[in-house]
Peer 1: 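The structure's right below; bear with me while I get my questions together.
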Protein chains: 2
Amino acid sequence: MTENTPGFDFAVSIDCVLFGFDGTELKILLIERNEDPFKDWWALPGNLVNNEESVDQSAQRILKELTGLGDIYMEQYYAFGDVNRHPQGRVISVAYYAMLRLGGDKPLKPLSSYAKKAQWVNVASLPKLAFDHQHILNKGLEKIKRRIKHLPLAFELLPEKFTLTQVQSVYELILGKKLDKRNFRKKILSFKVLKELEEKQRGVSFRAATLYKFDKRKYNKLFGKEISF
Amino acid sequence: MTENTPGFDFAVSIDCVLFGFDGTELKILLIERNEDPFKDWWALPGNLVNNEESVDQSAQRILKELTGLGDIYMEQYYAFGDVNRHPQGRVISVAYYAMLRLGGDKPLKPLSSYAKKAQWVNVASLPKLAFDHQHILNKGLEKIKRRIKHLPLAFELLPEKFTLTQVQSVYELILGKKLDKRNFRKKILSFKVLKELEEKQRGVSFRAATLYKFDKRKYNKLFGKEISF
DNA sequence: ACAAAAGTGTTCGCCCTACACCCATGA
DNA sequence: TCATGGGTGTAGGGCGAACACTTTTGT
């Protein structure tokens with residue numbers, strides 16, 4: 001335990017809930033810890049905030065250290081501050097989520113030594129998590145359930161070109177319920193933020209679906225108006 | 001500046017945005033600081049988190065110290081963590097908001113000495129605030145604008161018995177726009193969480209309005225369903 | 001030919017919006 | 001009697017929900 005100037009004896013950490021979509025399942029990125037406490041447990045990627053960086057910058061740095069990715073839309077969603085959430089001292093953790101495109105082209109970069117490995121894990125079949133990370137994750141899931149109704153989070157999970165069925169899958173996984181195909185397509189197209197491409201799906205053993213792109217320009221023009229599922 | 005165990009050299013504070021409604025205006029509670037930095041400036045009520053209390057408990061304690069009120073619905077909404085937000089060291093501040101009933105029956109209790117006085121101030125005509133408190137407040141206002149569409153925040157600002165016009169005023173002030181009287185009444189009554197009383201308004205020099213009460217029982221039964229403005 | 005997913009319209013009910021006048025009360 | 005806010009209904013348009021079959025493609 002630490003002995004410090006009263007009032008200045010806290011640590012602040014970031015924990016990241018990184019969502020990914022592999023075409024079928026909703027995944028999150030976990031690391032296997034290589035240090036006590038909770039050595040060998042699975043945990044959310046996270047680390048302490050340095051003294052010379054803001055918490056937002058820290059979140060970006062930690063995400064970059066763990067994945068090699070920068071410039072990711074990342075949103076703070078809650079600060080967890082129970083007294084005993086960390087066994088080695090008073091640590092307040094600020095949680096962020098991000099939506100990431102999975103794909104072989106973006107391998108996970110080497111990690112700091114406190115993690116043995118990082119791995120994408122299906123949200124539906126998680127191991128026991130270290131600290132209060134299950135709680136942090138649950139709150140993150142609730143958050144994106146609400147936010148995906150107003151923000152275009154789904155397209156950040158999908159490849160640049162995607163089919164409407166893939167978009168629908170993402171919504172169904174996050175909201176946890178089936179949606180009607182015709183109604184879904186009508187609605188998502190009614191926002192006018194998807195651009196239909198000439199191109200079609202390839203390599204599937206059934207009728208190839210039309211590919212679409214998310215049109216960020218048009219989306220930005222909607223600013224102020226709400227999209228709503 | 002402080003010299004501490006690396007990693008455990010942060011302070012964590014709470015800042016509270018306390019909303020109140022006096023029948024006409026939306027107010028927030030400010031204090032006038034009696035200590036440097038920002039001596040003599042107006043600021044949001046807040047204080048450092050103690051080592052042996054959770055941030056939620058700390059928020060409750062601080063609110064109680066400043067107002068004498070306990071058991072207030074208080075919600076954390078953001079953590080502010082810029083490097084130089086506090087001139088005397090690295091302080092992360094976790095912001096909470098609460099909706100309070102104003103009224104002479106609940107005077108503000110004596111304050112800790114770091115405040116000269118506390119005062120309800122009209123949100124529409126604020127003084128310059130210390131630290132990044134204007135920013136914290138702005139973010140709080142955005143937050144309640146969204147939340148009042150789904151949560152019964154308005155009734156926490158109102159006296160136990162209130163008229164429909166008063167409810168409408170609160171919504172108009174928070175949303176920053178006029179609403180149609182007939183449509184508003186239809187909608188608010190359609191949620192079935194208001195109980196019409198036998199009683200009428202007294203002491204007004206025009207037709208007395210019917211008084212209503214918020215029915216928490218019925219509201220709790222709605223759990224899961226969303227109310228939506 | 002069959003398996004698998006793509007793609008497509010209509011109907012109905014509900015909710016949101018816009019809109020204006022009479023009523024009750026106290027001064 | 002006047003000034004002030006209280007209280008009330010309806011019509012039209014738009015949106016969300018329910019619902020099933022044909023098309024395309026690869027094997």
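In what follows, chains carry the letters A, B, and so on, assigned in the order in which the sequence lines appear, proteins first and then strands, with residues in each chain numbered from 1.
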Peer 1: In whole angstrom, what separates A:Ile227's CD1 from D:dG16's P?
Peer 2: 12 Å

Peer 1: Pick the closest DNA chain C nucleotide for A:Lys200 and for B:Asn183 by heavy atoms, then say which residue is nearer the 5' end.
Peer 2: A:Lys200

Peer 1: Which nucleotide in the set C:dA20, C:dT25, C:dG7 lies at the smallest distance from any side-chain heavy atom of B:Arg182?
Peer 2: C:dA20

Peer 1: Ignoring hydrogens and angles, does a donor from either the side chain of A:Lys181 or the base of C:dG7 sit under 3.5 Å from an acceptor on the other?
Peer 2: yes

Peer 1: Taking the nucleotide of DNA chain D with the closest heavy atom to each, which residue, A:Ala208 or A:Lys187, is nearer the 5' end?
Peer 2: A:Lys187

Peer 1: Figure out the CD/P separation between B:Gln201 and C:dC23, and round it to whole Å.
Peer 2: 20 Å

Peer 1: Please check the phosphate of C:dG7 (OP1 and OP2 only) for any side-chain N or O of A:Arg185 closer than 4.0 Å.
Peer 2: yes

Peer 1: Nearest whole Å is fine: how far is D:dA17 P from A:Lys177 NZ?
Peer 2: 8 Å

Peer 1: Show the nearest heavy-atom pair for residues B:Trp120 and B:Leu18, with the distance to one decimal.
Peer 2: CZ3-O, 3.3 Å

Peer 1: Does the ring of B:Tyr77 carry B:Lys143 above it, NZ/CZ under 6.0 angstrom from centre and within 45° of its axis?
Peer 2: no

Peer 1: As an exercise, state the distance from CD1 of A:Ile148 to CD1 of A:Ile174, rounded to the nearest 0.5 Å.
Peer 2: 3.5 Å

Peer 1: Relative to B:Phe229, does B:Lys187 satisfy both conditions: NZ or CZ under 6.0 angstrom from the six-membered ring centre, and within 45 degrees of the ring's axis?
Peer 2: yes

Peer 1: Check this one for me: any side-chain N or O of A:Thr165 less than 4.0 Å away from OP1 or OP2 of C:dA6?
Peer 2: yes

Peer 1: Check whether any side-chain heavy atom of B:His133 lies under 4.5 Å from a side-chain heavy atom of B:Trp41, and answer yes or no.
Peer 2: no

Peer 1: How close or far is atom C1' of D:dG16 from atom CG of A:Leu179, stated in whole angstroms?
Peer 2: 13 Å

Peer 1: Taking atom P of C:dA5 as reference, at what distance in whole Å does atom CZ of A:Phe162 sit?
Peer 2: 20 Å

Peer 1: How long is the line joining NZ of A:Lys186 and P of C:dT10, in whole Å?
Peer 2: 10 Å

Peer 1: Expressed in angstrom and rounded to an integer, what is the separation of B:Leu164 atom CG from D:dG6 atom P?
Peer 2: 9 Å

Peer 1: If you check the A:Ser205 side chain, which of D:dG6, C:dG7, D:dG26 turns out closest?
Peer 2: D:dG26

Peer 1: In this structure, how many angstroms lie between the P atom of D:dG7 and the CD atom of B:Gln166, rounded?
Peer 2: 11 Å

Peer 1: Under 4.0 Å from OP1 or OP2 of D:dG6: is there any side-chain N or O of B:Thr210 that close?
Peer 2: no

